[in-house]
Structures are given as C-alpha cells and as structure tokens.
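In this text, all values refer to a predicted model and were calculated from it rather than measured experimentally. Worth knowing before you read on, the calculation uses all heavy atoms, side chains too, and leaves out hydrogens, waters and symmetry mates. All residue numbers refer to positions in the sequence shown, counting from 1.
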Amino acid sequence: MKSATSTPSRISALHLSSRAGRAMPFRPQRPHSIAATWARRVGRFALLLALMALILHRVGMLDLPHAVAAVLLAAVVAAYVLGLAVIGFFMLWQIGAKGGHASFSGMVMALMVLIPVGLAAGRYVQLPRIHDVSTDVIDAPDWLEPPPIETSWLGRSDGTAPAARELQAAAYPHITGRRYEGAIDRVLLAVRAVVEANKWTPVANVGLDVLVNGLEPSPASPETAKPPEFSSGEADPERVPLPAPRPDIENQPLEPLPTFAVLQYRTRTLVLGVPQDILIRLSEEEETTFVDMRAATRDGDHDLGLNAALITDFLRDLDIRLLGIAGG
C-alpha cells in the first residue's frame, strides 16, 4: 500500500521538475570587454579632436602648425584606439565577451583619423621636400610683396636654393612656362578670367593698370551718358556737346603698351584651408606672350604637392581659354 501511493507522487515530482527545466533554461553569463568600451569612448575623443583642429584652422582661429600638431596627436590616440578595438574583437571571438558593436565603432572612428593622416604621410615620403614651385627654376619671378612667414616647430628652409630647384625639376618636369601666339593684352584677359574663376584674392601688380585701361573703355560720365535736353525748339549752345578732334595717328603715334606684367595673388585650399601665394609673370616677345608662374605655401618645409597641383590646374585652364594658340 505504501509503495503504491509513493510511486505516483514520485512520478509527479519528476514531471514538475522536467517542466521547470524547460521553462528556465541555463544561460551562461557573458563577460563584458572593457577594451571595447574604451575603444568607443577614446575613439570619439580622437575623431572630435581632429575635426575641431581642422574646422578651427579653416575658419582662421588656429594657425596651421598648431592644427598639424593637434591632428598628429589625434592620430596617435587613434592608433591606440585601433589596438583596443582589436583586443575587443579578440575577446569576442575567444570567450564571447560583449563589446562587438563598441569595438566596431571605435575601429571606424580610428580609421577616419588614420587614413587621411596616412595618405598625407605617403605624399610626404614620396614627393620632394619643397614648399616653393616655379615654372622657371633658373630665374623665378620675385614677389612684389613678400608673404608673411612666421617661424614654427615645422621648420622652413630656403625654397629658392639651387638644391630645392633641382628637386622640383626632377619631381615635376612637366611644370614649365607657356608661350602663346598673340599680344600680351589678349593673354592677360584670359589670365584674369581664370583667376576670377578660382576666386583668388589680388595682392599687388605691376603693369596691370595700363593694360586694363587700354583694354576696357572708360565709363561714360553722367553728362555725356544722357542726351542733351532742350527747353525750346532752339538748341542751347552752352549745353551742346562739341566733338573731340580726331587724333592724328600718322604725325602723333600712340603710346605703346607695356610688354610685361606681374600679378600677385593669395588663396587657400578648399578643404584644409592651407594658405598659398601665387605670382604670374607675362612677358611679350615679338608676336608671342610667355607666361610664368610661382606658387608657395607659408608654413612648413613640405607642400605635399599642393603648389605643383595649383600651377598645373591653372595652366590647363589657361590653355583651354587660349585654345589653339599655345606653343612650347
């Protein structure tokens, strides 16, 4: 009798225990990766530091040497963040630790800093260490107003030294002057059109005023722009315009236009806002006009190829505007 009553109770107990086991399965507690958490936190700091340095430099609140120092510091921090992200991925793979999303976020933010810095470092190594580029490496045009140069931790050498010009000639053999068939006034119009398209700021010039006055007609005065008004049918002899005497071209030759012009401008790169100074020299030789250029950055001893790219783009646009009259 005792065994008969104990058997159903034992079966019901086993049934309840099996139902409880199905209702509450065993789930192991996953550890949390501290490296992944710090990768995301420090990655935000590195990215914000680099962006703020570039923005403040672009708006003129931070000079270029300090901006470069801040970006390099952000790159060092980003490299540390990349290491933390790798540790976070390793912990996720080995023991299933939480932090995969944090490691991925930290890695992305670190790469957003390291990739541009790496590209700049590659150009620093591959391109020559110069900051002044001219189409004439022997007799480069002189600045009309020397650009203001401030010493900094970046250092700066003489960009016009023969060694620097040799490095330029070896690295950029395609950067040479242009010769165009035509007078200097026609070439000057095309040069000014390209300058206006690039939105360069004028600094100084020599010979431009005389050439422009010869090209552009002077604006009419209010007295000569309006037709004369008459109060009655008879003309007022005091207000009737008298015709100017016709110039005697044969006995009184016109004053010749100048055969050279030098124009100086300044600009900043579109994204980084790196300041650059530009000089354009035009020389008329018989029936042709020769155009020389010079471009230089103000900070550091390496332009990362910016000046060569500026001259190349300008001369290409000038060739397009003067299509068909460019010579060697």
Side-chain angles (χ1 to χ4, degrees), residues 127-128 130-147 149 158-212 214-215 256-267 269 275-298 303 305-328:
L127 298 178
I130 56 177
H131 60 269
D132 192 321
V133 178
S134 175
T135 56
D136 190 347
V137 295
I138 299 176
D139 185 18
D142 295 328
W143 301 110
L144 300 178
E145 293 187 7
I149 305 298
D158 185 9
T160 61
R165 294 305 185 193
E166 291 178 1
L167 290 175
Q168 175 200 322
Y172 310 116
H174 61 282
I175 295 183
T176 56
R178 294 287 197 277
R179 186 181 301 279
Y180 300 98
E181 297 289 340
I184 188 174
D185 52 356
R186 179 181 179 184
V187 179
L188 179 61
L189 288 176
V191 168
R192 295 182 66 195
V194 178
V195 168
E196 293 177 359
N198 291 325
K199 298 180 180 180
W200 292 351
T201 303
V203 176
N205 66 81
V206 172
L208 177 63
D209 296 336
V210 178
L211 289 172
V212 170
L215 291 173
L257 294 175
T259 59
F260 74 97
V262 182
L263 318 173
Q264 183 172 341
Y265 302 92
R266 68 171 181 268
T267 186
T269 58
Q276 292 178 280
D277 295 280
I278 308 107
L279 200 70
I280 304 174
R281 181 177 62 188
L282 294 86
S283 304
E284 188 178 62
E285 303 171 1
E286 296 181 354
E287 297 181 356
T288 64
T289 301
F290 197 81
V291 179
D292 276 314
M293 286 192 67
R294 180 181 179 183
T297 50
R298 297 186 179 184
D303 62 357
L306 295 176
N307 295 317
L310 183 145
I311 293 178
T312 302
D313 294 342
F314 182 88
L315 293 178
R316 181 197 61 212
D317 296 340
L318 186 61
D319 290 341
I320 294 174
R321 290 187 176 271
L322 296 173
L323 187 63
I325 66 172

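At least one donor-acceptor pair under 3.5 Å links the side chain of T289 to the backbone N or O of I184. Counting only distance, with no hydrogens or angles, the side chain of Q264 and the backbone of W143 share no donor-acceptor pair below 3.5 Å. For the pair R178 (side chain) and T176 (backbone), a donor-acceptor distance under 3.5 Å is present.
Atoms NE2 and CG, on H131 and L306 in that order, are 13.0 Å from each other to the nearest 0.5 Å. Distance check: S134 OG to D139 CG gives 8.5 Å after rounding to the nearest 0.5 Å. Taking CG from L282 and CG from D185, the interatomic distance works out to 10.5 Å, rounded to the nearest 0.5 Å. Here the CG-CG distance, from N205 to L279, works out to 10.5 Å after rounding to the nearest 0.5 Å. Interatomic distance, R298 CZ to D277 CG, rounded to the nearest 0.5 Å: 4.0 Å. To the nearest 0.5 Å, atoms CZ (R186) and CD (E181) are separated by 10.0 Å.
Taking 4.0 Å as the cut-off between side-chain N and carboxylate O, D313 and R316 count as a salt-bridged pair.
The two residues L310 and T267 make their nearest non-hydrogen contact at CD1-CG2, 4.1 Å. What you find for Q168 and I130 is that their closest heavy atoms are CB-CD1, 3.8 Å. The heavy-atom pair separating P141 from R294 by the smallest distance is O-NH1, 2.8 Å. In terms of heavy-atom proximity, A308 sits nearest to I175 at CB-CD1, 3.5 Å. Pairing each heavy atom of P128 with each of Y172, the nearest pair is CD-OH, 3.9 Å. Summarising the geometry of D136 relative to D292, their closest heavy-atom pair is CB-OD1, 4.0 Å, with the distance given to 0.1 Å.
For the residue pair D158/T160, the side-chain donor-acceptor check at 3.5 Å is satisfied. When only modelled atom types and interatomic distance are considered, Q276 and N307 share a side-chain donor-acceptor pair under 3.5 Å.
In this pair, W200 and Y265 present their aromatic rings tilted. The plane angle is within the 30 to 60° band.
At a threshold of 4.5 Å between non-hydrogen side-chain atoms, the residues L144 and V206 count as touching. Side-chain contact between V195 and I280: present, with at least one pair of heavy atoms (C-beta onward) separated by less than 4.5 Å.
The side-chain contact (heavy atoms from CB on, under 4.5 Å) test with V191 is passed by exactly one of L322, L263, D317: L263.
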